Amino acid sequence: MAKYNFKESEPRWQKFWQEQNLFQAEQTSTKPKKYILDMFPYPSGDGLHMGHVESYTATDIYSRYWRMKGFNVLHPQGWDAFGLPAENYAIKTGVHPSETTKKAIENFTRQINSLGFSYDWSRELNTSDPSYYKWTQWLFLQLYAAGLAYKKKAKVNWCDSCQTVLANEQAEGGVCDRCGSMVVQKDLEQWFFKISDFIEDQMVAGKTVKGLLSGLETVDWPESTKAAQRNWIGRSEGVEMDFTVDNSDQKIVVFTTRVDTIFGCTYVVLAPEHPLVSKLQIENSTEVAEYLATAKSKTELERMETKEKTGVLLQGVTARNPFTGVAVPVFVADYVLGGYGTGAVMAVPAHDQRDYEFAVKYDLPIVEVITSEKNIAVEAGQAFTDDGKLINSELYNGLHSAEARQKMATWLADNQKGRIKVNYKLRDWLISRQRYWGAPIPIIYCEFCGVVPVPEKDLPVTLPTDVDFKPTGESPLVNSEAFHTVICPLCGAPARRESDTMDTFVCSSWYYLRYADSENAEVFASPEALKQWLPVDVYLGGAEHSVLHLLYARFFTKALQKLGLVEFNEPFLMLRHQGIILGSDGNKMSKSKGNVVNPDEIAKVYGADALRLYEMFMGPLEDMKPWNTNGIVGISRFLDRMYRLAEKIDAKLTQTGGAKVQSLLHKTIKKVGEDIEQFKFNTAISALMILLNELEKEPVIATNDYRFLALMLSPLAPHLAEEMWQILAGEGSVTQATWPMADTAAMQDVEVTMVVQVGGKVRQTITVAAGLDQNAIMAIVMADEVVKKWVEGKEMVKIVFVPDKLINIVVK
RNA sequence: GCCGAGGUGGUGAAAUGGUAGACACGCUUGCCUUAGGAGCAAGUACCGCAAGGUAUGCAGGUUCAAGUCCUGUCCUCGGCACCA
């Protein structure tokens, strides 16, 4: 029998599957549905990398498996095609982004098909196609009409090198996500989505719907991803309270989570951006102005790197502690952030490390009001920041922190000096970008009518294609007269078109809805199609999207639910991440490190099945794993041996081997199915290897048993499985066959190996008939020479018996 | 600092509280040959001649029995971070 020739076989089957249209989801079906989705790729010029292959293989196995189990599977693929790299490339070379993108998509498509992935290409979508972004714009208008998209002047992150603003999520640590250059703060008019409206649960059409926080409890997602989102949202409960300013009608509102420490407040601090700084009567206003100027000139990064606390006393200004009525000095200092809480804090040096450092530097009083109940020694030079028992706090003395917080909040409310307040770190989502290669924001500015949404009939607002990509460093949209100059849809006066485009994350926040009905020209997706397919049952992609894409997509779903456009609350019921595949040197694959392994090259040498299987065999899907080309030969051998096992097929034989082999076979059927359902592909493959090792010891193989192998391999190594199916002269394609049922009766062991322990230590193993009771086993064991030796002369205290597994004789 | 996930052979890794290291790579020895990115057989945690003992980051604990459960501690990776 000839060796398995993947080079000939793989393209042949890929063509066959395409021609037979085997992977198209059924529009009408009585089968249960399963929507299995990959995060769609950005079609970069570099082509597919190992991480794509890992993720797409996992969902492919999963999809093929559920099809064999009789499910109507929707497994689509598309392109997240807008974005900066194509535009920057255009500015550098003059090649239009649509051309670059088109080429990249062709290459991606070729690569994906060459690995035998079973996508339903009839639903392919491309976010840069007007037929898609028409609906991105339409959805924007729905949000605008509902007040969920708004424009405001705000301090925003600006990247000078990318010439655009960035979302907070894209400017973490004061550095541009894309190019790594320093982000500066600018005051600009920008478009925002009101993501902050959806943090908590709310009433929609008389029903409570889950917000971004509590919704996390309803989905099957990795704990780390849920935690990252909670972290990013940054909910904290506390109180806001008013410090009245002496000789003024102003008051300083501070936010704190530790109102229990209020009696230790010895000063108040305003952020440099705080509006009161310019309103108060300050004696040393020149000094303060100088401080504000230096604080403003610092970049985010500098401000964070400076450990030393700085600030200036506002001379002539004092504020009154709402509880004690005591006057305290007021400072302006940049360790207080303008953008969080009220931009003002009460300082309690004894119980807050930052306030402590500041107080030491400026020689301010430190008053202890909390003592540890656990007798923990407070380190010298440190504030005691734990909860404890109150002291020096008048009638609150002796209370525990938690108790005191409640009572104090009540007192504040009763006396109208404060209120319970919840703060969040999450800001509204800044979605406008000063770039060309994105979906235009469908807004027109009219001198008379103001902000006018583009009428639905005029959608899509298409990108001008006749623009010049001269390397000016600026988006060509800015200079496109034809694009800018429009007529106001309301009054007909000359008007100006919004020239900003939307963040690409807007496009990817709803694409999973479009797959349900990707060809529809009337609506973004029909209610029937949405009802048939959504929500997504299983979603797979990189953990780097834990906050950005996944949070935005959840927001979009919740917003559309509120608008009555979808009927569900969470878009992705189950989420898994593929782990990063590192280079063989243990570093992240990168061109500069020269450790990149190209999937095309590997597939050429070992075949698509071997590449797919090896990536799954390397370890748990979610783990980070170093690539090792040597390891793939083990998989190659396994596939060859599977194929060659056919040489032993004896058509007259009804079953391979004895009861033991049959038991293993059916146990394997059960295990492989269970493992695939749990994304444990590594152990599914090893189970098949164990089975193969056993079957190879048999002189002859029954046709039906070989058939089981082909069926089990079909999701994992689909090309080889088809070839094996042909050897059996099976009907049609194994891809359309039904997943085998494990025979429970055959799985019963006739003989078992039992462990014999004496005093908890393994002393002997015995092979006995299955199902023997304790007495029978004891009789066998006590006759055993080795066991006798260990038990001799000792008193048997207890026998622990686990049927068919273990017997432990506890001796004294 | 806070939150999350982890620490098991030379390597990638297995293990519903029940024989730790399955499966695979690599390595050692042998066989075979249509010299192929072959195939087959045996072996491969550590100490010990053996009997046996020791091993899942470290220290304790629970249990007849712990990689697995509990307490503490160290380290690695990921996210957030002057968030009051």
Side-chain angles (χ1 to χ4, degrees), chain A residues 3 172-173 222-236 238 254-259 261 269 271 303-307 309 333-337 339-348 351-355 357-358 385 423-426 543-544 546-547 577 579-580 584 586 605-606 613-614 617-620 622-638 640-641 644 680 682-693 696 753-765 786 789 797-802 805-811:
Chain A
K3 214 182 140 180
E172 285 178 31
E223 196 45 53
S224 55
T225 304
K226 291 188 190 182
Q229 292 213 352
R230 282 191 202 104
N231 234 320
W232 188 258
I233 293 167
R235 182 183 205 273
S236 73
V254 305
F255 173 73
T256 182
T257 55
R258 290 298 305 273
V259 66
T261 65
V269 191
R303 199 163 147 170
M304 283 190 293
E305 272 175 351
T306 325
K307 282 175 198 131
K309 307 252 175 308
D334 68 2
Y335 80 89
V336 172
L337 306 173
Y340 182 75
T342 59
V345 301
M346 65 169 201
V348 185
H351 305 294
D352 181 283
Q353 189 57 27
R354 297 152 298 185
D355 298 341
E357 285 165 24
F358 192 82
T385 56
N423 264 318
Y424 305 93
K425 286 198 278 179
L426 183 71
E544 69 274 17
S546 291
V547 268
H577 300 299
I580 297 169
S584 50
V605 178
Y606 299 95
L613 233 54
Y614 179 57
F617 185 63
M618 281 165 73
E622 309 219 354
D623 283 13
M624 218 185 242
K625 303 160 283 254
W627 176 264
N628 176 8
T629 302
N630 291 333
I632 200 171
V633 307
I635 294 291
S636 263
R637 285 176 195 155
F638 165 70
D640 281 337
R641 282 161 56 204
R644 269 205 311 265
K680 288 163 71 178
N682 55 332
T683 48
I685 294 163
S686 87
L688 284 168
M689 287 173 169
I690 293 166
L691 176 62
L692 176 62
N693 289 347
E696 279 180 332
T753 301
M754 285 186 67
V755 173
V756 185
Q757 295 184 336
V758 180
K761 286 200 187 288
V762 179
R763 296 303 180 189
Q764 185 64 291
T765 57
V786 178
K789 199 183 95 188
V797 181
K798 188 177 169 184
I799 308 289
V800 180
F801 179 70
V802 184
K805 286 229 119 161
L806 166 141
I807 185 154
N808 185 7
I809 303 162
V810 186
V811 292

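Being a predicted model, the structure only gives us computed values, none of them experimental. Below, chain A is the first sequence line, B the second, and so on; all start at residue 1.
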Who pairs with [N] - Watson-Crick or G-U, where each distance is under 3.5 Å:
N: B:rU16; result: none
N: B:rC40; result: B:rG30
N: B:rA50; result: none
N: B:rU73; result: B:rG57
N: B:rA24; result: B:rU11
N: B:rU63; result: none
N: B:rC2; result: B:rG79

### Query
What form does the base of B:rG48 take, syn (within 90° of 0) or anti?
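Base orientation: anti.
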#### Entry: Distance (rounded to the nearest 0.5 Å) between A:Leu426 CG and A:Arg230 CZ
14.5 Å
### Query
When rounded to the nearest 0.5 angstrom, what distance separates CD in A:Glu357 from CG in A:Asp352?
9.0 Å
Tell me what [X] touches on the nucleic acid: a base, only sugar-phosphate, or nothing, going by heavy atoms under 4.0 Å.
X: A:Asn693; answer: sugar-phosphate
X: A:Thr225; answer: nothing
X: A:Val345; answer: base
X: A:Glu622; answer: nothing
X: A:Pro620; answer: sugar-phosphate
X: A:Val762; answer: sugar-phosphate
X: A:Ser686; answer: base
X: A:Val269; answer: nothing

State which of [options] makes the closest approach to the side chain of [X].
X: A:Val605; options: B:rC23, B:rU19, B:rG37; result: B:rG37
X: A:Lys625; options: B:rC23, B:rA84, B:rA13; result: B:rA13
X: A:Ser236; options: B:rG4, B:rG12, B:rA84; result: B:rA84
X: A:Thr256; options: B:rA65, B:rA84, B:rG39; result: B:rA84
X: A:Ile690; options: B:rC23, B:rA14, B:rG52; result: B:rC23
X: A:Asp352; options: B:rG79, B:rG18, B:rA84; result: B:rA84
X: A:Tyr606; options: B:rA24, B:rG37, B:rG12; result: B:rG37
X: A:Val633; options: B:rG26, B:rA13, B:rA24; result: B:rG26
X: A:Thr753; options: B:rC82, B:rC3, B:rU19; result: B:rU19
X: A:Lys805; options: B:rU16, B:rA84, B:rA14; result: B:rU16

## Note on the structure
Contacts of A:Met689 and A:Val802 projected onto RNA chain B by closest heavy atom; the upstream (5') one is A:Val802
### A:Met624 vs A:Gly760, nearer the 5' end of RNA chain B by closest nucleotide
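Here A:Met624 is the residue nearer the 5' end.
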Send over the distance from [X] [atom1] to [N] [atom2], rounded to a whole Å.
X: A:His577; N: B:rC77; atom1: NE2; atom2: P; value: 20 Å
X: A:Ile233; N: B:rA81; atom1: CD1; atom2: P; value: 14 Å
X: A:Asn628; N: B:rC25; atom1: CG; atom2: P; value: 11 Å
X: A:Lys761; N: B:rG53; atom1: NZ; atom2: C1'; value: 9 Å
X: A:Asn423; N: B:rA81; atom1: CG; atom2: C1'; value: 16 Å
X: A:Arg763; N: B:rU19; atom1: CZ; atom2: P; value: 15 Å
X: A:Lys798; N: B:rA65; atom1: NZ; atom2: P; value: 9 Å
X: A:Asn630; N: B:rC25; atom1: CG; atom2: P; value: 11 Å

Considering only the [atom1] atoms, how many Å lie between [N] and [M], rounded to the nearest integer?
N: B:rA20; M: B:rA14; atom1: C1'; result: 9 Å
N: B:rA45; M: B:rA51; atom1: P; result: 15 Å
N: B:rG37; M: B:rA42; atom1: C1'; result: 24 Å
N: B:rA59; M: B:rC74; atom1: C1'; result: 10 Å
N: B:rC25; M: B:rC75; atom1: P; result: 37 Å
N: B:rG12; M: B:rU62; atom1: P; result: 35 Å
N: B:rG21; M: B:rA15; atom1: C1'; result: 9 Å
N: B:rU71; M: B:rG4; atom1: P; result: 14 Å

### Query
Does a side chain donor of either A:Thr629 or A:Tyr614 reach within less than 3.5 Å of an acceptor in the other side chain?
no
### Side chains of A:Asn423 and A:Arg235, donor plus acceptor under 3.5 Å
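No pair is found: no donor N or O on one side chain lies under 3.5 Å from an acceptor on the other.
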Could you tell me whether the side chain of [X] and the main chain of [Y] form a donor-acceptor pair under 3.5 Å?
X: A:Asn628; Y: A:Asn630; value: yes
X: A:Gln764; Y: A:Gln757; value: no
X: A:Asn808; Y: A:Gly760; value: yes
X: A:Ser686; Y: A:Thr683; value: yes

### Pair of N/O donor and acceptor under 3.5 Å linking B:rG1 base with A:Gln353 side chain
no
### Task
Compare side-chain N and O positions of A:Arg637 against OP1 and OP2 of B:rG39 and report whether any pair is under 4.0 Å apart.
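For B:rG39, OP1 or OP2 has a side-chain N or O of A:Arg637 closer than 4.0 Å.
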### Message
With a cut-off of less than 4.0 Å, is there a side-chain N or O of A:Tyr340 near OP1 or OP2 of B:rA84?
### Response
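Looking at the OP1 and OP2 atoms of B:rA84, one of them is under 4.0 Å from a side-chain N or O of A:Tyr340.
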#### Entry: Ring centroid separation A:Tyr424 to A:Trp232 under 6.0 Å
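No.
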### Message
Under 4.0 Å between a side-chain nitrogen and a carboxylate oxygen: does that hold for A:Arg644 and A:Glu696?
### Response
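Salt bridge flag = no for A:Glu696 with A:Arg644.
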